Structure formats: C-alpha cells, structure tokens
Amino acid sequence: MAQASLRLGKSVANQAFRRNLSTTRAVAGTHLNYTVQDGVAVLRFDSPGSKVNSLGEETSAELQEAFQTFMKDPAAKSAVLLSGKPGCFIAGADINMLAKCQTAEEATALSKGCQDLLFEVEKCKKPVVAAIQGSCLGGGLEVAMACHYRIAVDGMKTSMGLPEVMLGVLPGGGGTQRLPALTGIPNTLDMALTGKTLNAKKAKKVGLVDAVVDPLGPGLAPADVTTHQYLEKIAINTAKQLADGSMKLPNRGPKNFAKKVEKAAFGVGPVKDYVFNMAKGKVMKQTNGLYPAPIKILEAVRAGLDHGVEGGYKAEREKFGELVATSESKGLISLFHGQTECKKNKFGKPANPSKTLGVLGAGLMGAGIAQVSVDKGYTTVLKDMSSAGLSRGVSQVSDYLDKKVKRKKVAKLDAERYLANLIPALDYTDFGKVDMVIEAVFEDINIKHRVIKEVEKHMREDAIFASNTSALPITKIAEASIRPEKVVGMHYFSPVDKMQLLEIIVTDKTDMETKKAAVDVGLKQGKVVIVVGDGPGFYTTRILAPTLSETIRLMQEGVDPKKLDKLSKGAGFPVGIATLIDEVGIDVAAHVAEDLGKAFGNRFGGGNPEVLKGLVAAQMMGRKSKKGLFVYADGSKDRPVNQDGMNIIKKFAAVAPAATAGDEDVVLRMVTRFANEAVASHQDGILATPLEGDIGAVFGLGFPPFSGGPFRYIDTMGAQTFVDHMRRFEQSYGVAFTPCQMLVDMAKSGNKFYK
C-alpha cells in the first residue's frame, strides 16, 4: 500500500543522452535511483540504513517521481523495477502510515492515493518489468502486480503474498482486484484470507509471475548477490525485448479448459453466491466473527466481480478505510509493532556471543530447545541421565529435521549438517567448551540446586547458566550458584519449535553481558523475546494462574468444560481454557497454584486447590495421561468430557451468584483476572512496558490477538468500565477481584497505557 504524495526525489540531473552511451543517470533520490541502460530505465529501490524496503510517504513519493520521469523520458523505451537489496524487493507498507490515520475517511484517501499511483504504472504504454528477489509482500506485491511483466527468483527467500489480513486490514493498493485478474478467484481467496505466501515456482503456476530465474552459486560475491546481479541482467534483457517487439506480453486469460470453465462460472450469480457463502462460512467458523477483515476482503473481491473495475476499486478503498478505523486493526497493528521491538536486543550486542550451548535434560522441553538451536548454527551438547532418555531426545531432533526436509523447508544436506551440530552426552565431559548451559530438568528447587552445583564444576567461569523454569524464582535458583551474576531465566513454551515466545528473567545480580547473551541466543533461535524481572511466576505464569483458578471455580459452579472452551474460544482465545489446563498439565497447574498461592495469598484464590489435587491423585493429569478434564484416545479427535473427573469436581460443588452466572460474565471473570494481574505485574516492576506485556500474553498464552493484548484490551474497554466489572465481581467473590492500584488510578485519571 503506498501513498501518492508528490514529494520530489532529492535531485534531478538532466544529462544529454547519446545513444552510444550505455548508462545515463536521470534521478538520484534517497530511496530510488533512476538510470537508463541501453534504452531500459532501471528503477532501483534501496532505502539506506534499512534491511528492507517499505512504502512510506517519502519512498512512495520517490517511486512516483521515478515512474513519472520514466514515462516522460524519450530515451527510456521500457523499465525494470528492482531492489538494491538481494533479500527484499518491497516488504510492504510502512505501518506508521496507518497509525497516522485518525478516521476512516483519511484511510480511504490513503488507499485511493496508492490506487492512483499504481494506475499510472499499469496504464503506461511503455512496458515495466518487476524483478523480484526476496520478500515481496503486501504493498510490494501490489506494486509488482501493477507492472506489466514479473520475473522472480526461485529460492533466495523469495516469497509473495498479501498479509494485510493479519493486521486487520485488506490490500488497499488494488490487491483485491489485480490478484483475481491474474490468478483467479480461488487462489485470491486462499492468499488474501490467510496471508499465505507463495514461492516463485508456485507463483508462476498460478499466474502471479511470468518467469522464474534459477539461483546462482557464490562467486566473487555471496550467492544472493551474484543471483541478484544475474536477475537484473535477465530483467533488462526482457524489458528490451518487450520494447522492441521481439517478445510479447503473455496472454493473461485462462490457460486451460478447467480455468476457462472456472472463469465462466464466476459470471453466473448462483455460482458466485455459493462460493462466497461457503468462504464466508469458513471464515466465521475460524474467527467466530471476531475479525472483520476477512469478511471485508470477500466483499471487496465480490464487488469487482459484480460491478466491474471501477466498483471493485471503490469498494476496496472504502472497506480499507473502515477497517483501519477498527479496534481490531489497531490491536493487531500494535502486536506487529510489539513483535518488531521484541525481535531486537534491547541491551545491545554481547561482546562474546554464544556459539556452543549445553542443554541439560533430553525430555520434550530439552530436546525442543536443542531443535531450535542446531538448525540456527549452534553446536549443542544435549545431556541426559539415561541412555534411553538421551536416545529419545536425539530422535526428537532428528525427526524434526526430517520433517523440515520433507516439507522442503531445508535441503537434505543442510539437515544432515544441522544434526551434526548435536552432541549427545551422558556426562559433563564436553561442558568445558560451552558458552551457555540451559537446564530443562524437573520443576523442583532441590533438583535445580543439585544440577547447578554439578554443572558449574565443569563450566568456564565466563559461561552462563540459564534455567528453563516456568515459576521458580531465579534468585532462589541462583542461591546454589558460585556465580549468581551469570544466572538467568530462559522460559520456553511448549512445543518449543512452534511457540514463538521466549520469556527471559533477570535478577538484580544478573550482569549486563549475561542479559545481552541470553537475548542474543533467543533471537537467533527465532524467538520473540520479552525480558521481565524476577518474582514468583515471573510474568506469564503469574498472569495465567488466577485465570486457571477462576476456571476451576467455574467448573465447581457447574459450568461444563466444553462450554468453557466454547465461551473462551468465542471470546477470541485460540485454545479453549479447559483444554489449556489439560495441555499445561493438571499436575503442573496444581504445583504452580500451590507455590503462587503461598506467594500471593487469597488474591490468587478461586477454585478449591483440593480439586486439582484430587484429579492428580486419580492420575488425571491432562493430555499426557490420556485423562484430565477430557478423555483422549489415540487416533481420535473426539474428546468427551471426563465424567470421572467431573465427579471429583462435584465433591467441591459451589453455587454461583445469579448476578454473575451469565455467559458474558463467565468470560469476563476469566479475562478480568488475567488482565488485572498483567497490570499488577507492571505495577510491581516485573514488567517494564505494556507492550512486552501484550506480546507475552498473546504469543505465550493465547490472549485474544484481535484485542492487541490485555493492556490494549483495557484501553479499548476503558479502565473505568473494566474496574466497574471487577468491583461487581468483588462483591460476590472478594479479594480475587479487587483491582490493582494502578488500574484504580487509571480509572480515576482516564489515562491509557497506549497514548
């Protein structure tokens, strides 16, 4: 998405053009350079000081200036648009442009400006070739689709897609209209409704690109650079041939009988109704109607079919404007900003980045940590106490790499190289070489103390000890260390290879180099990293505990686990709250509830702790024991409620006050306790910023993404309204629903967490 403002490039140099010269420079802007080579204008997009090119006010203005220069330049018979960055064509819009839009009307005008700019490109009588290597997303793909011919590199991280739906908006630069024209309705819906990306070969197959270039190996420069130079030569040659008529633009119509039938069918009203109604039904089922963007995308695409080009573009920009003004879009864009910030090392680069890791414990968590380390180049020593346990852990890593090969995520040779990074161990022989040890042993302070004492005998003095604990205070763990300044918490989430969040816990003794190194390892492992202070439960476990306690109380009041799942998923949680208890493990929940209950007292009360203890005593510990709140059978997706477990819960039955027993209040009771504890964590200094709190809650615990996280959820609802709900529940349930002081103060002042 681009904005068509008219700020000129930094300088325009008018030089005499002679046909025997191969290159003439016409425009040298900050972001766009314009040269002419043998009659082909080369528009090179290369924003300085940035790893990516994005479309903001300044870059869009220079892009427009460069295109207008090309259109008027008699020396240029055709053009090539390419990036100066081998890893990125155009990554999309500058999200800050959307944040500046205060009204739907302003956002609609922004969309129209982009549409008008790309109409100029599309309607140009001289051919324009887009040469794509690296990410070509959102507004970048919309720019490429406005060009007359597209060439893309196979591999080299080249991907094309329209991910706007994940920001709660739709493609506002013609994407909902040009994509169907190039690829057909089914492919458009598949891409635009999911944010799915395509590689070059798949893009050619669906008609999105016209030619695919095979990558080259390294030469005097790295492979991506040599390939990029090769792409430029091919694109220039293609543009020359299109200009002189020796090559014709491809026929954009259906290529085979099936595609011809498909196109004809979408001209029939009942067929259109059936397809779009089916798509809408799937969207509503997957989103519970909480995300307006997919529905607006369907409406914009349909408008183009029903009302032609003019009607389609009008619908696109108006619906874009409507979506930018929604709280859902603001929440999702906030999460995007948060992700971006949490992919940076706030402490700076470590003086001696870790290269070799040691992982203690080859269970699911330990092997998972090894998985995400070996394929990032880390030599990883994986130690376990038993040969059987070690073998299982090594198999987990090997299976993970095999699956990546089958899915063509990595080459077989690379997978073998990654596996060679894994060093299985039954003793500490190799631990003198490691830069960082990450322990993933049982959640017991005595075991943690024994392990840290053992391993420190074999570690270098500058090596770091990290504990993958979910609740035990790092300060307590560090009491057993001879170097507490080198002890840090690294709380991974299961399954490690799928969960994006890493919660790093620092104490008042953790030194700066340890902080830098821990964040550096997490970022290289591909994690979104938040850094929190030390205390019982840190941040994520602390805010989840009262929510789970309230869930147990609701079941004591007679709310069925399936109903709890339905209500929580209906509120936007990706995993039902009862299912989450089974996934966490009822034994783990009982252990955490006991520890945090001691630390925080009645405020963390709710469900009777004896409920969890009774389930654990009956060996009902969740999915891992095949029985918890639900019953799990191998090979079956059906999960009936565990009636034996319900009978245990009924022994502790409670009566819900009628005033707080409705479905809306059931959801509010869970959500308010979650969000109140998030604010209390910020109040207590555990959490540095609301932004990290929102990222931790969404990416670690599944707080409804469309809300933007618990802090933005409170902002959207209003602190006073939120406090009023808590006061109402407080009358029935006491201190568990007493709002924290920071919330009370914000309600009085009317302030927000996000300005």
Side-chain angles (χ1 to χ4, degrees), residues 1 90-93 95 98 135-142 144-145 152 157-209 262 266 272 274-305 315-316 319-320 323-324 326 328-329 331-333 335-336 339 407-409 498-500 528 569 572-575 698-699 702 704-706 708:
M1 227 286 309
I90 303 173
I95 305 301
L98 302 186
S135 51
C136 176
L137 303 172
L141 183 57
E142 289 180 302
M145 287 193 291
K157 299 181 180 179
T158 299
S159 61
M160 286 154 274
L162 296 173
E164 285 88 346
V165 68
M166 293 189 282
L167 295 176
V169 295
L170 55 71
T176 65
Q177 307 305 307
R178 289 191 180 94
L179 191 59
L182 291 169
T183 70
I185 297 298
N187 288 318
T188 296
L189 299 184
D190 186 34
M191 291 179 68
L193 294 176
T194 65
K196 175 181 178 181
T197 59
L198 304 182
N199 61 29
K201 287 184 176 178
K202 179 65 176 176
K204 185 172 188 306
K205 185 177 180 181
V206 302
L208 187 55
V209 301
E262 177 189 298
F266 278 104
K272 283 190 287 189
Y274 175 78
V275 171
F276 280 87
N277 287 337
M278 283 284 290
K280 184 176 180 179
K282 287 183 179 179
V283 165
M284 294 300 289
K285 184 178 180 181
Q286 291 172 354
T287 67
N288 291 303
L290 297 170
Y291 294 82
I295 300 300
K296 297 291 185 185
I297 289 170
L298 285 171
E299 292 172 357
V301 174
R302 178 73 189 258
L305 283 176
E316 178 185 86
K319 295 180 189 302
F320 176 84
L323 287 170
V324 169
T326 63
E328 291 84 0
S329 170
L332 292 169
I333 288 172
L335 287 180
F336 176 83
Q339 270 187 288
R407 293 171 183 167
K408 297 185 178 180
K409 298 288 185 183
K498 292 185 172 64
M499 295 294 285
Q500 294 184 61
V528 175
K569 290 182 76 173
F573 285 87
V575 177
V698 172
F699 290 95
F706 74 88

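Along the sequence shown, residues carry numbers from 1. Remember, predicted model here, so these are calculated numbers, not experimental data. These values consider heavy atoms only, across backbone and side chains, with no hydrogens, waters or symmetry-generated copies.
- Minimum interatomic distance between Pro180 and Val301 (heavy atoms only, all atoms of both residues): CG-CG1, 4.3 Å.
- You'll find the side chain of Glu316 reaches within 4.5 Å of the side chain of Leu170, heavy atoms only.
- For the atom pair Thr176 OG1 and Leu162 CG, the distance stands at 9.0 Å (nearest 0.5 Å).
- Between the CG atom in Leu198 and the NZ atom in Lys204 there is a gap of 14.0 Å [rounded to 0.5 Å].
- What you find for Gly175 and Pro171 is that their closest heavy atoms are CA-CB, 3.9 Å.
- Between Pro704 and Leu290, every side-chain heavy-atom pair lies at or beyond the 4.5 Å cut-off.
- Applying the salt bridge (charged side-chain N to carboxylate O under 4.0 Å, His left out) definition to pairs two or more places apart or across chains, those involving residues 177-198 are Glu122-Arg178, Asp190-Lys196.
- Between Cys136 and Thr158 the shortest side-chain heavy-atom distance does not fall below 4.5 Å.
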(Q) Let's go through Phe699 and Gln339 carefully: what are the C-alpha distance in whole Å and the side-chain angles of both, what is the deciding distance for side-chain contact (heavy atoms from CB on, under 4.5 Å) to 0.1 Å, and is it a yes or a no? (A) CA-CA 9 Å; Phe699 290 95; Gln339 270 187 288; 3.4 Å; yes
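- Interatomic distance, OG1 of Thr183 versus CE of Met145, reported as 8.5 Å (0.5 Å rounding).
- Looking at Val165 and Leu193, their side chains never come closer than 4.5 Å, going by heavy atoms from C-beta outward.
- Residues Ile333 and Leu167 share a closest heavy-atom pair of CG1-O, 3.8 Å.
- For Leu332 against Pro705, the heavy-atom pair with the smallest separation is CD2-O, 3.6 Å.
- Gln286 places none of its side-chain heavy atoms less than 4.5 Å from the side chain of Tyr291.
- For the pair Leu208 and Leu141, the minimum side-chain heavy-atom distance is below 4.5 Å.
- For the pair Phe706 and Thr287, the minimum side-chain heavy-atom distance is 4.5 Å or more.
- Shortest non-hydrogen contact noted between Leu323 and Gly168 is CB-O, 3.6 Å.
- Between Phe320 and Gly172, the shortest heavy-atom distance links the atoms CD1-CA, 3.9 Å.
- For the side-chain contact (heavy atoms from CB on, under 4.5 Å) test, residues two or more places apart in sequence or in another chain that qualify with Met284 are Lys280, Ile295.
- Rounded to the nearest 0.5 Å, atoms CG (Leu179) and CE (Met191) are 5.5 Å apart.
- For Lys202, the side-chain hydrogen bond (donor to acceptor under 3.5 Å, both in side chains) test picks out no residue, with sequence neighbours left out.
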